[in-house]
Amino acid sequence: MEHYINAFTDSFWGSVDWTWKSILFQVPWYINYFWGLILISLLIWGLEIRFPWRKQQSIFRKDFWLDGFYMFFNFFIFSIVISGFYKLLELGFADLGLSSKSLVLVDMSGLPLWIQLIVFFVVLDFVQWFTHILLHRYPFLWKFHKIHHSVKEMGFAAHLRYHWMENILYKPLKTLGVMVLGGFEPEQAYIVHFLAIAIGHLNHANIKLSWGPLKYLINNPVMHLYHHAYELPEGKYGVNFGISLSVWDYLFGTNYIPEDSGTIGLGFPGDEEVPKGFFRQIIYGLGKWGKARPQKWP
Ligand SMILES: [Zn+2]
Ligand SMILES: [Zn+2]
């Protein structure tokens, strides 16, 4: 029992310590997610200000500060709170004889690093695309994902407005992806993580960008805006589920971009029931406190 308690507290304080050191620039710059996130945000915000798609949209759009706070909450505060619990799970599985190396299907260790990174990026993106579909498909998952879809004016910071439960819901398949690929992240996985943050920020940014012919491969603001459309095509529970890559939507026929004015209504029917404040949003969908009425499906 004691080794569980020790592992929990070590992991918790380890995360606190790492975040604090990141803030103080005491970690290598290329894995400093705290300042990295701020830098990427400022760059993309600068692009929004310089090249706005919806020109009438304010630089400090609706819910700008709420979403800015979500960035730090989901990336740092939540990670610290959950780290001990994940450590306990890891130990529990290890005691059952299951480790992150139990499921290796692809041994990448002999491959050049850049191929490892691409495979890691593609596999992780696919499992997240699939998880995202589940979040839309099943009402008990959708009630949490509604927070992300409650954005009414789109800007880069909306990327990280999501219910903390989503961190947990995405975890099983992401972990499975890592296990299948050797049980650990490639040494330079930070490149993949920063790329995913930058593409995710761009997807939500007020910039008209579709990457030309690369739009069939890389997700973009024009495509993702339609993911947030208030009105969906008849009979669909969602379109354009892509995270970093758009290719899955084109391959599986879930792509939908009827026009690119950028002025469509955002949200979903019934979005007025989503609380406006952060603290009521983080308990939204949780039992009787959350008051999440089931979504009516077309
Ligand atoms: Zn969604
Ligand atoms: Zn989104």
Side-chain angles (χ1 to χ4, degrees), residues 37 40-41 44-45 48 53-54 57 61-64 66-71 73-75 125-170 173-174 195-210 215 218-233 236-246 248-249 252 254-257 260 262 264-271 274 281 284-285 292 294-295 297-298:
L37 180 63
I40 292 173
S41 299
I44 294 178
W45 194 28
E48 281 190 343
W53 183 9
R54 294 167 292 279
Q57 184 171 307
R61 64 173 172 85
K62 183 177 179 342
D63 295 335
F64 179 89
L66 172 72
D67 294 348
F69 181 70
Y70 261 110
M71 288 206 306
F73 179 81
N74 277 323
F75 249 68
D125 189 72
F126 176 76
V127 296
Q128 291 181 91
W129 173 81
F130 184 74
T131 307
H132 189 189
I133 290 185
L134 301 180
L135 297 187
H136 281 258
R137 176 68 185 83
Y138 295 103
F140 76 101
L141 301 175
W142 166 245
K143 64 185 182 183
F144 299 116
H145 192 48
K146 278 178 178 178
I147 299 296
H148 183 62
H149 281 268
S150 68
V151 175
K152 299 300 280 183
E153 252 186 346
M154 193 57 78
F156 75 93
H159 174 206
L160 298 175
R161 182 201 300 188
Y162 53 81
H163 198 288
W164 56 270
M165 269 295 289
E166 287 202 24
N167 291 309
I168 295 172
L169 297 172
Y170 274 99
L173 285 181
K174 277 167 83 173
L195 186 66
I197 296 171
I199 295 176
H201 267 37
L202 273 174
N203 290 342
H204 293 84
N206 181 23
I207 305 166
K208 188 174 182 181
L209 177 73
S210 57
K215 69 182 176 195
I218 306 170
N219 199 1
N220 55 74
V222 176
M223 185 171 196
H224 195 67
L225 194 72
Y226 264 94
H227 178 67
H228 284 265
Y230 188 92
E231 278 182 39
L232 289 172
K236 303 249 183 188
Y237 49 79
V239 294
N240 305 346
F241 297 102
I243 309 289
S244 295
L245 298 176
S246 58
W248 315 121
D249 285 308
F252 294 94
T254 44
N255 59 306
Y256 178 71
I257 311 170
D260 60 3
I264 53 166
L266 305 180
F268 58 89
D271 59 7
V274 175
Q281 287 188 355
Y284 186 76
Q295 172 81 349
W297 299 107

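Nothing here was measured: the structure is a model prediction, and the numbers come from that model. One-based numbering, in listed order, for ligands and for the atoms of each.
For the pair NE2 of His136 and NE2 of His145, the angle at the Zn ion (ligand 1) is about 90°; rounding is to 10 degrees. Vertex the Zn ion (ligand 2); arms to His204 atom NE2 and His148 atom NE2; angle 100° (nearest 10°). His224 contributes NE2 and His228 contributes NE2; the angle these two atoms make at the Zn ion (ligand 2) is 90°, rounded to 10°.
There is no side-chain donor-acceptor pair under 3.5 Å between His159 and His224. A donor-acceptor pair shorter than 3.5 Å cannot be found between the side chains of Asp260 and Trp53.
For Trp142 and Tyr237, the ring centers sit 6.0 Å or farther from each other.
With His148 as the fixed residue, the ring pair (Phe, Tyr, Trp, His ring centres under 6.0 Å) test singles out one of His204, His136, His227, His132: His204.
Of all N, O or S atoms in His132, the one lying closest to the Zn ion (ligand 1) is NE2.
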